[in-house]
There are 2 protein chains.
Amino acid sequence: MVELHTHEIDTVFHALSDATRRHMLQELTQGERTVGQLAEPHAMSLAAASKHIKVLESAGLVRREIQGRTHLCRLDPGPLATVHEWLSFYERFWSGRLDALERLLKENDARKTATERDTKLPPSKPGNDT
Amino acid sequence: MVELHTHEIDTVFHALSDATRRHMLQELTQGERTVGQLAEPHAMSLAAASKHIKVLESAGLVRREIQGRTHLCRLDPGPLATVHEWLSFYERFWSGRLDALERLLKENDARKTATERDTKLPPSKPGNDT
DNA sequence: CGCACATTCAACCACATGGTTGAATTACAC
DNA sequence: GTGTAATTCAACCATGTGGTTGAATGTGCG
C-alpha cells in the first residue's frame with residue numbers, strides 16, 4: 001500500500017513541473033492537437049517539443065493516435081485525477097480546521113497512545129503512495 | 001496573467017516529484033520534526049536528506065525554525081493548496097461530463113477541422129499559469 | 001575548556017534533463 | 001517515382017539532480 005503507485009506519481013509530478021508541458025496540457029483541453037500544433041507556440045525546435053510530448057505521454061497524461069504522417073494527441077486526465085486526489089489528503093492542513101488539527105496532533109504526540117488507530121495515519125487511503 | 005506564478009508551480013511540482021520528499025511531507029503532517037528525524041527513515045546520508053529538505057523549503061512547502069543546534073521543520077500547506085487549485089481546472093475532464101465533453105470536442109473536430117486548428121484559441125482563460 | 005552532537009558546506013561523481021542540429025522514416029500529393 | 005511534409009532518431013552539449021564523503025560550523029554539556 002505504501003509505495004503503491006509511487007512511480008506513476010513521480011512521473012506525473014515531474015511532467016507537470018515544466019511550464020512548456022503544462023501549457024501543452026492546457027492547449028489539449030481545447031481538443032486534439034498534432035505534434036506540430038503543440039510545438040508551434042513554443043520557441044524551441046520540433047524535436048525538443050516532441051520530447052516534451054513524450055514526457056507527457058509516459059506520464060499517461062497524453063494519448064497519441066497516429067493518423068497517416070501526423071500524430072494526434074489528446075489529453076488523458078486520469079493521472080491528473082490521481083495526483084489531485086493525492087493532494088486532497090493535505091486539504092485539511094490548509095483549510096480552516098488547521099489549528100484544531102495541529103493541537104490534536106500535538107496531543108497525540110505527547111500522550112503517545114498505544115492505540116495506533118489515530119496516531120498513525122492509516123496507510124489506507126491517500127497520501128500513502130510514499 | 002498567463003505566466004503568473006509559473007516558477008512557484010514549477011518548484012512545487014518538482015519538489016513533489018520525489019518519493020523521499022513526499023514521504024517527508026507526510027511525516028510532517030504528524031507534527032514538527034527535526035532534520036535528523038526526517039532523515040532517519042531514508043537510506044541515505046544526512047547531507048542528502050538535508051538537500052531534500054532544502055528543496056521542500058525553497059518550494060515553500062516546509063518552514064524551518066532553528067532552535068539551538070537542531071532545526072525544527074513544519075509543514076506549510078499553502079503551496080499544496082495552490083497546485084491543488086491548479087489541478088482543479090482539469091477536474092471537469094475526469095469527472096462525469098467527460099464523455100459528453102469528448103463527444104463535443106470530436107464534433108467540432110470533425111466539423112470544422114481546418115477552422116479550429118488554425119484559429120488559435122485565445123490564450124484566454126484558466127489554468128493559465130502557463 | 002574540551003568534547004560530542006546536529007546540521008550544513010564543499011567537492012566530487014553518475015546520470016537525467018532540456019536543448020540543439022542533421023539525418024532517417026514514413027506518408028501524402030503530383 | 002520524386003519531392004515535400006510531419007515526426008522521430010541519434011549524437012552531442014550544458015546544466016541540474018541526487019547521491020557520496022570529509023571537513024566545517026555552531027550549540028549543549030560535563
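These numbers come from a predicted model, not from an experiment. Residue numbers begin at 1 in each chain, while the letters A, B, ... track the order of the sequences.
The interatomic distance linking H52(B) (NE2) with dG16(D) (P) rounds to 18 Å, in whole Å. Between the P atom of dT20(C) and the NE2 atom of H42(A) lies a distance of 13 Å, rounded to the nearest Å. One can place CD of E65(B) at 16 Å from C1' of dA6(C), the figure rounded to the nearest angstrom. Look at CE on M44(A): it is 16 Å from P on dT17(C), rounded to the nearest Å. To the nearest angstrom, C1' of dG16(D) lies 12 Å from NE2 of H7(B). Rounded to whole angstrom, the span from the CG atom of D18(A) across to the P atom of dG16(D) amounts to 14 Å. Across the protein-nucleic acid pair, D10(B) atom CG and dG16(D) atom P stand 14 Å apart, rounded to whole Å. Between the NZ atom of K51(A) and the P atom of dT17(C) there is a distance of 11 Å, rounded to whole Å.
Minimum interatomic distance between W94(A) and L87(A) (heavy atoms only, all atoms of both residues): CH2-O, 3.8 Å. In this structure, E57(B) and V62(B) approach most closely via the heavy-atom pair CG-O, 3.4 Å. In terms of heavy-atom proximity, F13(B) sits nearest to R22(A) at CE1-CD, 4.1 Å. Nearest heavy-atom pair, L61(A) versus P79(A), reported as atom, atom and distance to 0.1 Å: CD2-CB, 3.8 Å.
Dashed line: the shortest gap from a side-chain N or O of T70(A) to OP1 or OP2 of dA6(D) is not under 4.0 Å. For the pair S45(B) and dG19(D), the criterion of a side-chain N or O lying under 4.0 Å from OP1 or OP2 is not met.
Mapping G36(A) and A47(B) onto DNA chain D by nearest heavy atom places G36(A) closer to the 5' end of the strand. Comparing L46(B) and A49(A), the nucleotide of DNA chain C nearest to each residue sits closer to the 5' end for L46(B).
Residue K54(B) is in sugar-phosphate contact alone, with no base atom involved, counting any heavy-atom pair closer than 4.0 Å across all strands shown.
Considering only side-chain atoms of R69(B), the nucleotide from dT7(D), dA11(D), dT27(D) that sits closest is dT27(D).
Here H14(A) and H14(B) keep their ring centres 6.0 angstrom or further from each other.
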